[in-house]
Amino acid sequence: MSDESTEQETAPTSKRACGLIVDFDFALIDGISALEKACAKVLEGAGAKTDKGTFPRHLFGHKVNNALRTLLGAEAKTEACIASIASDMDHAAEKAPVDEAILAVCKRTLEANAHVVFVTMRTQSVVEARVETLGLEGAVVLKCERCDRFGDYPADIWSRAARTIKLNPRFCTAIVASATSVRHAVVAGMRTAAFTNPAIGFQDFSGVDFTAGTVPASDTVDAVMALINSRA
């Protein structure tokens, strides 16, 4: 896998000096459920024994090759497994359920003439098409080529996303799904809002500024928008 990430520098000077960085794969869409199913399909197809704890304990957040070899055997050829999982995740990017609160936050941010960047490990054209279908014209898609761990981006993806829109990370808010993403975005200087899946809800989200479910659903969008606007 490549260690390089494609970056576009597309920051119109008329935009407000604040940014929203969104984990497309696991926060905007329910990619965690999709990843769990894709991994289960590969493991079960190879005859590996799995249970409800396999994904959160042995896969999510773990290095891809190491995790697969632990579950399939040290001599396992992982290339076909990884390709199958990637294909299933691209399909998920096209049709997986969207978090309506995050979608509303993205639309309101764009309507306020501020920046929105989606970070993704999926095929860029697939994500761009889905973003357009969702009515999020004007958002930027930042493709991350390196995906060494299941469900986690490299630590520097958040600061790279800010550079894509020519902003200091301190002017940005990140919407994330995992505790690792919270820590990395905080280290980059961003405020954070966590929208996670129950499968990894046990993780330590210390340091997050907002967690979905801590206020009434009707107040979630306003709470996240207040966080974004506090960085303007």
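The figures here come from the full heavy-atom set of this structure, side chains too, leaving out hydrogens, waters and symmetry mates.
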Can you give me the closest heavy-atom contact between [X] and [Y], atom names plus distance?
X: G151; Y: L35; value: N-CD2, 3.9 Å
X: K143; Y: M121; value: NZ-O, 2.9 Å
X: I165; Y: C172; value: CD1-SG, 4.5 Å
X: P56; Y: A199; value: CB-O, 3.5 Å
X: T220; Y: A101; value: CG2-CB, 4.1 Å

Listed partners of [X] passing side-chain hydrogen bond (donor to acceptor under 3.5 Å, both in side chains), at least two apart:
X: D99; value: none
X: T192; value: none
X: S206; value: D204
X: D219; value: none

Less than 4.5 Å apart, any side-chain heavy atom of [X] and any of [Y]?
X: E44; Y: T50; result: yes
X: V119; Y: W158; result: yes
X: C39; Y: I85; result: yes
X: S178; Y: T196; result: no
X: V98; Y: L134; result: yes

Which residues satisfy the salt bridge (Lys or Arg N to Asp or Glu O under 4.0 Å) test with [X], sequence neighbours excluded?
X: R57; value: D51
X: D90; value: R122
X: D209; value: none
X: K95; value: none

Q. Does any pair with a residue in residues 107-120 pass salt bridge (Lys or Arg N to Asp or Glu O under 4.0 Å), and if so which ones, sequence neighbours excluded?
A.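 Every salt bridge (Lys or Arg N to Asp or Glu O under 4.0 Å) pair that includes a residue of residues 107-120, provided the two are not neighbours, is R108-D222.
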Rounded distance [0.5 Å steps], [atom1] in [X] versus [atom2] in [Y]:
X: M89; Y: I29; atom1: CE; atom2: CD1; value: 6.0 Å
X: I32; Y: D23; atom1: CD1; atom2: CG; value: 8.0 Å
X: L136; Y: L110; atom1: CG; atom2: CG; value: 6.0 Å
X: T173; Y: I228; atom1: OG1; atom2: CD1; value: 5.5 Å
X: L20; Y: R191; atom1: CG; atom2: CZ; value: 14.0 Å
X: L59; Y: I200; atom1: CG; atom2: CD1; value: 12.5 Å

Q) Going by the ring pair (Phe, Tyr, Trp, His ring centres under 6.0 Å) test, which pairs reach into residues 31-74, not counting sequence neighbours? A)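 Only F55-F60 qualify under ring pair (Phe, Tyr, Trp, His ring centres under 6.0 Å).
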Q. For residues 180-217, which residue pairs qualify under ring pair (Phe, Tyr, Trp, His ring centres under 6.0 Å), counting only residues two or more places apart or in two chains?
A.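 Checked against ring pair (Phe, Tyr, Trp, His ring centres under 6.0 Å) - neighbours excluded - no pair reaches residues 180-217.
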Q | Pair V127-Q124, side-chain contact (heavy atoms from CB on, under 4.5 Å): steps then yes or no | A | CA-CA 5 Å; V127 176; Q124 182 148 350; 5.9 Å; no
Q. Do the side-chain N and O atoms of R130 and T133 include a donor-acceptor pair separated by under 3.5 angstrom?
A.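 Side chains of R130 and T133: no pair found under 3.5 Å.
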Please check if the side chain of [X] supplies one atom and the backbone of [Y] the other of a donor-acceptor pair under 3.5 Å.
X: S33; Y: D30; value: no
X: Y153; Y: C144; value: no
X: S87; Y: S84; value: no

Q: Take L167 and H115, measure what side-chain contact (heavy atoms from CB on, under 4.5 Å) needs, and give me the verdict at the end.
A: CA-CA 9 Å; L167 285 181; H115 304 278; 3.7 Å; yes
Hydrophobic cluster identity match, [X] and [Y], side-chain contacts under 4.5 Å:
X: F26; Y: I82; result: yes
X: V116; Y: V126; result: no
X: I21; Y: V187; result: no

Q | Matching residue for V224 among I102, I175, N229, T109 - test: side chain to side chain contact (heavy atoms under 4.5 Å, CB included) | A |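 Testing each of I102, I175, N229, T109 against V224, the sole residue satisfying side chain to side chain contact (heavy atoms under 4.5 Å, CB included) is I175.
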Identify every side-chain donor-acceptor pair in residues 63-75 under 3.5 Å, counting partners at least two apart or on other chains, and give the distances.
from, atom 1, to, atom 2, distance (Å)
N65, OD1, T78, OG1, 2.5
T70, OG1, N66, O, 2.8

